[in-house]
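Structure, as structure tokens:
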Amino acid sequence: MTFEVITIFPEIFNSYLGTGVLRKALQKGLIEVKVNNLRDYTVDKHRTVDDYPYGGGAGMVMKPEPLFAAIETLCPERKERRVIVLSPVGRKFEQEMAEELSKEPKRIFLLCGRYEAIDERVRIALVDDEVSIGDYILTGGELPALVIIDAVARLIPGVLGDERSAKEDSFSSGILDYPHYTRPHVFRDMAVPEVLLSGNHREISRWRRKEALRRTLKQRPELLEKIRLSDEDRTLLDELRRKLS
Ligand code: 4GX
């Protein structure tokens, strides 16, 4: 799995990629992240990457030449690359896209825009996908690029210590995670639910499923429409709805 980041602020990536699970994955060669400085692909004395918008208006636009030079130098073969631009007008990045990208054989280019916009000819001739991490406006595409690298990397076999972790987390089941507890048994008058200490694994599973459904019903009811519910799920949901109303 190779990511090619294109940014005018390469330093942003050092701390996050140099820490924790991602650092280990990079050390082991499970993922590769090359952080490329867009200014290295300029030819003028001031290493200019932006310019004024034709037609006027506020804000600067990223010039096409450095972006074309960067991508075509780093990967001249179109079929060997998948170019993603991070932008608030892109398709929403969700777990499903993370799963799809984790199987991508091509090198994944992440174009991190700054300023108001990028020249439209970059989109037309270079970009395969335009992706947004959510409906809010950031100052640049670097955080979204890190979000994508992080979410994709943890799905690659061997990146998480425990192979079960990625499969058992929220979203792989389509509903929210159940509540978790660790020691101490009682903390500030709040006790761990007795069922979790019972050793009865059938009861524990049923309790976890019910609590997961409870959270989902309360916080993300729309998720319940998207998944196939078992007969037991329906019984549990009926119980929850009755006590709620
Ligand atoms: N999810 N931004 C990108 C500059 C820009 C504008 C247009 C390309 C085209 C964002 C988000 C986001 C702000 C990053 C504008 N680059 N990106 N930047 N939300 O808000 O991905």
Side-chain angles (χ1 to χ4, degrees), residues 1-17 19 22 31 33-42 44 46-75 78 81-104 106-155 170-171 220 222:
M1 170 105 279
T2 299
F3 291 101
E4 295 275 0
V5 173
I6 300 182
T7 173
I8 59 167
F9 295 124
E11 329 76 59
I12 288 176
F13 293 83
N14 298 340
S15 156
Y16 200 79
L17 296 179
T19 305
L22 290 185
I31 59 165
V33 182
K34 296 185 174 158
V35 182
N36 306 284
N37 189 341
L38 182 63
R39 291 195 199 279
D40 292 345
Y41 298 89
T42 56
D44 65 312
H46 295 104
R47 313 229 289 167
T48 312
V49 294
D50 63 326
D51 206 341
Y52 298 96
Y54 274 115
M60 300 296 277
V61 178
M62 295 189 81
K63 292 167 63 59
E65 303 96 316
L67 287 164
F68 274 80
I71 289 173
E72 289 175 348
T73 305
L74 292 164
C75 188
R78 260 209 106 99
R81 68 190 193 222
R82 174 159 173 191
V83 177
I84 296 175
V85 65
L86 291 318
S87 148
V89 307
R91 194 156 62 91
K92 185 84 59 69
F93 180 72
E94 292 185 348
Q95 192 65 21
E96 191 182 327
M97 202 190 296
E99 278 160 23
E100 193 239 308
L101 288 176
S102 73
K103 295 166 190 141
E104 177 61 69
K106 301 175 185 173
R107 290 156 72 192
I108 300 173
F109 280 75
L110 298 171
L111 303 192
C112 306
R114 287 264 153 179
Y115 316 109
E116 237 38 54
I118 59 168
D119 187 283
E120 187 63 19
R121 286 151 308 177
V122 174
R123 265 197 196 86
I124 293 168
L126 230 39
V127 169
D128 298 299
D129 300 295
E130 194 159 16
V131 174
S132 165
I133 63 158
D135 289 343
Y136 34 77
I137 306 300
L138 302 168
T139 57
E142 286 79 10
L143 285 173
L146 281 170
V147 165
I148 289 172
I149 292 167
D150 191 298
V152 171
R154 65 185 290 290
L155 297 175
S170 271
F171 288 111
R220 301 289 304 279
E222 80 282 6

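What you are looking at is a predicted structure, and each value in this text was computed from that prediction instead of being measured. No hydrogens, no waters, no symmetry mates; every other heavy atom, side chains included, goes into these values. Whatever order the structure lists ligands and atoms in, that order sets their numbers, starting from 1.
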Considering both backbone and side-chain atoms of [X], is one of its nitrogen or oxygen atoms within less than 3.5 Å of a nitrogen or oxygen in ligand 1?
{"X": "L138", "value": "yes"}
{"X": "Y136", "value": "yes"}
{"X": "I118", "value": "no"}

Selected option - heavy-atom contact closest to [atom], from [options]:
{"atom": "atom 3 (C) of ligand 1", "options": "L86, L143, V89", "value": "L86"}
{"atom": "atom 21 (O) of ligand 1", "options": "G141, G113, G140, S87", "value": "S87"}
{"atom": "atom 15 (C) of ligand 1", "options": "G90, P88, P144", "value": "P88"}

Those atoms of ligand 1 less than 4.0 Å from some heavy atom in [X]:
{"X": "I137", "answer": "20 (O)"}
{"X": "I133", "answer": "1 (N), 21 (O)"}
{"X": "G134", "answer": "19 (N)"}
{"X": "Y115", "answer": "4 (C)"}

Determine whether any heavy atom of E120 lies closer than 4.0 Å to an atom of ligand 1.
->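 Not so, E120 does not reach ligand 1.
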Quick one: does E130 get within less than 4.0 Å of ligand 1, heavy atoms only?
->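 False for this residue.
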Side chain [X], main chain [Y], donor-acceptor under 3.5 Å:
{"X": "R81", "Y": "C75", "value": "yes"}
{"X": "R39", "Y": "R47", "value": "yes"}
{"X": "S87", "Y": "V89", "value": "yes"}
{"X": "E104", "Y": "K106", "value": "yes"}
{"X": "R114", "Y": "F9", "value": "no"}

Residues, nucleotides or ligands: over 12 heavy atoms within 6.0 Å of [X] [atom1]:
{"X": "Y16", "atom1": "OH", "answer": "no"}
{"X": "R121", "atom1": "CZ", "answer": "no"}
{"X": "E96", "atom1": "CD", "answer": "no"}

Side chain, backbone, both or neither: the part of R123 lying under 4.0 Å from ligand 1 by heavy atom =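 For R123, only side-chain atoms sit under 4.0 Å from ligand 1.
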Ligand 1 contact on M62 by region, counting heavy-atom pairs under 4.0 Å =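 Contact part for M62 vs ligand 1: neither.
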